[in-house]
Structures are given as C-alpha cells and as structure tokens.
**Student:** 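Sharing a structure here in structure tokens format.
Just so you know, these numbers come straight off a predicted model, no measurement behind them.
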Amino acid sequence: MASTEDLLSHFCKNVRHLASVHRLKQVALAKDLGWDRTVLAKLMSGEREPNTNQKGALALYFRIEPSELDLDHGAFLARHTGAAVSNLPLMTFRAVRQNTNKWRECFEKYRGQYVLHYLHSEPDTVISSLLSIDRLTGDGLHASLVNPHKDSGGNMSYYEYEGYAYPVREYMYFLLEQKNSDYEILSLILHEARTPSVHLLKGMISGIGVVNEVSYIAARPLVALKRKRPIDDWAQSKEIGYRPRNAIDNAAQLQLSSEKITVTT
C-alpha cells in the first residue's frame, strides 16, 4: 500500500506533467481554477497535501478522473501516453467561467440578424438565408437559421434550425438542428470581424443534402451581411430565398466564391 508521501509525490509529478503537456504556467492554471498561485505552487511542489475539492477541480479541468492523479507516475504516463507523445499542438481547456466570459464578449459584438448568401448550382443563382444570434445562455450563443430549399419541381420550402454558436480562436462555430427533425444538422463557420463593428463576414455552410433519395455531404462558401434593421417576418421578406446574383448587395457579390465541396457515396 502506497504511503501518503508516495501518493503526494505521484500527485505532484502527474499534475506537473499535465501542466507541461498543456503548456500551462502556474499563473495561467491558477487563474483558470480561481486559486491563489501560492496554493497551487505548494500543491505542485509537495509542500501541501491536496484536499478532495482541489483534486476534483484539477481532475475536472484536465478531463480525467480524480483517482488518476494519485496513480504511480509511470502508470499515469502509460495511461495518457497519447497526450504525452502527440506532435499536435495542444490547447488548454478553459474553465467554465472563462468560457462564459469569452462568450459574453462575442455575443455583445455579434448579436443580431445576418443574411447569409451562398451560390446555388444553378448559374447566377444565390441562396439567401436568415441567421439570428439572439441571446447568451450557459450552453453557448443561442442561434437560429431559416434556410430556403427549392425541389426539382420548383416548389419552395423553408427549413428552420436552432442551436448554438461558440467562439473558436478567430472563428465562430455554429451547430444547428432542424426544428422538425431530430437528425437534420447544419454547421456554419464564420471568420471573426477584424473591425470593432460588424458588417460582412465570410465563412462556410455544410450539411447533408438529398437528391432523388441519395444523400451526400455538401459545403459551400458563404458571405454574411449583418442587418441594421431586423426582419420581423421572414416569410414575407424578399431578401430570403433563391435570388439572382445581381440582386444581392454588391459587397457580397464581390466576396462570393464558386468553390464547393460535394462528397457522394
């Protein structure tokens, strides 16, 4: 049976290893955890024995089980060898509080409505959708999307999606689920605005398409224009739907790309 001194030694080595792998300095780690740096320094050096709450907080932060922190260091490395030897640059996990603060900054800048434009396979035809970022929640930035669709017979329909957006480095990532279906998913990626005010954003829309009962993966570059005035009734709006390319904003026309990705089975 391992002594208290042995467990403390393993704990220190394991925490120091995790901090090293995630490229975390004590100052940054203590700030993320909401701890005094002196407390963390004593825990990592073995001057202070961790209590249950401290072990739990560290385990949650690094996404491991609390009991793993007391493993023999060799066994710990063997269990987490993928993280130790990977050549990929690793990003640290942010504490929930830090995530929420980042979401708040993003929400204050990007809240509002956007008309998204992306090219249809028909020549000189643009699909215009309506994206709304309307509130900040504990799960992310709440967002909704109205996306038009015209079938082979020329009949127009509109699909409503709802989900969340998350800031990821210099991008905003959206994951949206169709309201009337539990499997239709759309994802959006928008590049952040480089100016304090937001006007035009570029990005990508992707999802699963279906033609003649055959499904495929499709992605299209898009341009998002932020609206100064909200669209209260999108069903009556002439800005949403299938539109001639020359009918949309000149800035959007200049930025639209004809590149596309289609993966069929």
Side-chain angles (χ1 to χ4, degrees), residues 1-109 136-143 163-177 185 187-192 206:
M1 183 175 179
S3 66
T4 301
E5 185 176 343
D6 289 337
L7 289 176
L8 190 55
S9 175
H10 296 324
F11 170 86
C12 296
K13 290 178 181 178
N14 294 339
V15 173
R16 288 200 295 266
H17 171 76
L18 288 169
S20 175
V21 165
H22 290 277
R23 301 178 183 179
L24 276 170
K25 294 184 177 180
Q26 282 187 3
V27 174
L29 180 54
K31 183 178 179 181
D32 284 354
L33 293 168
W35 294 358
D36 186 283
R37 183 190 173 186
T38 305
V39 172
L40 180 62
K42 289 183 177 180
L43 291 174
M44 293 179 71
S45 66
E47 295 179 50
R48 179 170 176 171
E49 185 176 349
N51 59 38
T52 302
N53 290 336
Q54 289 167 336
K55 281 185 180 180
L58 283 165
L60 179 63
Y61 184 87
F62 289 113
R63 302 302 194 270
I64 63 174
E65 293 297 321
S67 58
E68 293 182 87
L69 292 171
D70 291 327
L71 285 175
D72 173 87
H73 188 56
F76 182 87
L77 291 179
R79 180 170 296 193
H80 297 283
T81 185
V85 301
S86 172
N87 291 323
L88 295 174
L90 297 177
M91 295 180 64
T92 63
F93 289 107
R94 293 189 299 270
V96 172
R97 181 181 60 260
Q98 194 173 355
N99 272 335
T100 305
N101 290 339
K102 187 174 178 63
W103 294 345
R104 191 180 309 282
E105 294 171 10
C106 186
F107 176 70
E108 292 301 330
K109 182 172 182 178
L136 178 63
T137 76
D139 295 313
L141 281 66
H142 183 267
Y164 297 96
Y166 305 95
V168 182
R169 299 180 71 86
E170 65 268 30
Y171 298 91
M172 276 197 299
Y173 181 79
F174 296 76
L175 190 63
L176 306 160
E177 182 178 25
I185 301 292
S187 66
L188 302 174
I189 298 177
L190 296 178
H191 195 285
E192 69 175 3
S206 61

**Student:** Could you walk me through whether Lys55 and Asp70 satisfy the side chain to side chain contact (heavy atoms under 4.5 Å, CB included) test, starting with their C-alpha distance in whole Å, then the side-chain angles of each, then the deciding distance to 0.1 Å, before giving a yes or no?
**Tutor:** CA-CA 9 Å; Lys55 281 185 180 180; Asp70 291 327; 2.6 Å; yes

**Student:** Decide side chain to side chain contact (heavy atoms under 4.5 Å, CB included) for Leu40 and Leu29; before the verdict, give the C-alpha distance in whole Å, the side-chain angles of both, and the deciding distance to 0.1 Å.
**Tutor:** CA-CA 8 Å; Leu40 180 62; Leu29 180 54; 3.8 Å; yes

**Student:** Identify the two heavy atoms, one from Met44 and one from Ala19, that lie closest to each other, and give their separation to 0.1 Å.
**Tutor:**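 The pair with the smallest heavy-atom distance is CE-CB, 4.1 Å.
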
**Student:** Which residues pass the side-chain hydrogen bond (donor to acceptor under 3.5 Å, both in side chains) test with Asp36, sequence neighbours left out?
**Tutor:**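 Result, side-chain hydrogen bond (donor to acceptor under 3.5 Å, both in side chains) vs Asp36: Thr38.
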
**Student:** For Gln26, give me all partners under side-chain hydrogen bond (donor to acceptor under 3.5 Å, both in side chains), at least two apart in sequence or on another chain.
**Tutor:**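 Applying side-chain hydrogen bond (donor to acceptor under 3.5 Å, both in side chains) to Gln26 gives none.
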
**Student:** Nearest 0.5 angstrom please: Asn14 CG to Leu58 CG, how far?
**Tutor:**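 It is 11.0 Å, given to the nearest 0.5 Å.
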
**Student:** Begin from the C-alpha positions of Glu170 and His191 and carry the test side chain to side chain contact (heavy atoms under 4.5 Å, CB included) through to its verdict.
**Tutor:** CA-CA 6 Å; Glu170 65 268 30; His191 195 285; 3.7 Å; yes

**Student:** Rounded to the nearest 0.5 Å, what separation is found between the CD atom of Gln54 and the CD atom of Glu49?
**Tutor:**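 One gets 10.0 Å once the value is rounded to the nearest 0.5 Å.
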
**Student:** Tell me the closest heavy-atom pair linking Cys106 and Met172, and the distance in Å.
**Tutor:**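 Nearest pair, atom of Cys106 first, then Met172: SG-SD, 3.3 Å.
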
**Student:** What's the spacing between Leu141 CG and Lys109 NZ if we round to 0.5 Å?
**Tutor:**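 Rounded to the nearest 0.5 Å, the CG-NZ separation comes to 13.0 Å.
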
**Student:** Closer than 3.5 angstrom, by distance alone: can the side chain of Glu108 be matched with the main-chain N or O of Glu105 as a donor-acceptor pair?
**Tutor:**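 Side chain of Glu108 to backbone of Glu105, a donor-acceptor pair under 3.5 Å: no, none is there.
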
**Student:** To the nearest 0.5 Å, tell me how far Leu60 CG sits from Leu33 CG.
**Tutor:**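 Spacing of CG (Leu60) from CG (Leu33) equals 9.5 Å.
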
**Student:** Quick one: closest heavy-atom pair of Leu190 and Phe174, and the distance?
**Tutor:**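 So the two residues come closest at CD1-CE1, 3.8 Å.
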
**Student:** Can you name the residues that form a side-chain hydrogen bond (donor to acceptor under 3.5 Å, both in side chains) with Ser187, not counting sequence neighbours?
**Tutor:**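 Partners of Ser187 under the side-chain hydrogen bond (donor to acceptor under 3.5 Å, both in side chains) test: Ser206.
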
**Student:** Roughly how far apart are Asp32 CG and Tyr61 OH, rounded to 0.5 Å?
**Tutor:**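 One finds 3.5 Å between CG of Asp32 and OH of Tyr61.
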
**Student:** I'd like to know if the side chain of Tyr166 and the backbone of Asp139 have a donor-acceptor N/O pair within less than 3.5 Å.
**Tutor:**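 Yes: the side chain of Tyr166 pairs with the backbone of Asp139.
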
**Student:** Taking atom NE2 of His17 and atom NE2 of His10, what is their separation to the nearest 0.5 Å?
**Tutor:**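 These two atoms lie 15.0 Å from each other.
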
**Student:** Please tell me whether Ser45 and Glu47 have a donor and an acceptor in their side chains that are separated by less than 3.5 angstrom.
**Tutor:**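 Their side chains do contain a donor-acceptor pair, which is all the 3.5 Å distance test asks for.
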
**Student:** If you define the side chain from C-beta out and look only at heavy atoms, does anything of Leu43 sit under 4.5 Å from Trp35?
**Tutor:**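 Yes. Closest side-chain heavy atoms under 4.5 Å.
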
**Student:** Quick one: do Leu69 and Leu18 satisfy side chain to side chain contact (heavy atoms under 4.5 Å, CB included)? Show the steps, please.
**Tutor:** CA-CA 10 Å; Leu69 292 171; Leu18 288 169; 4.0 Å; yes

**Student:** What orientation do His73 and Phe76 show, parallel under 30°, tilted 30 to 60°, or perpendicular over 60°?
**Tutor:**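 It falls in the parallel class, under 30°.
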
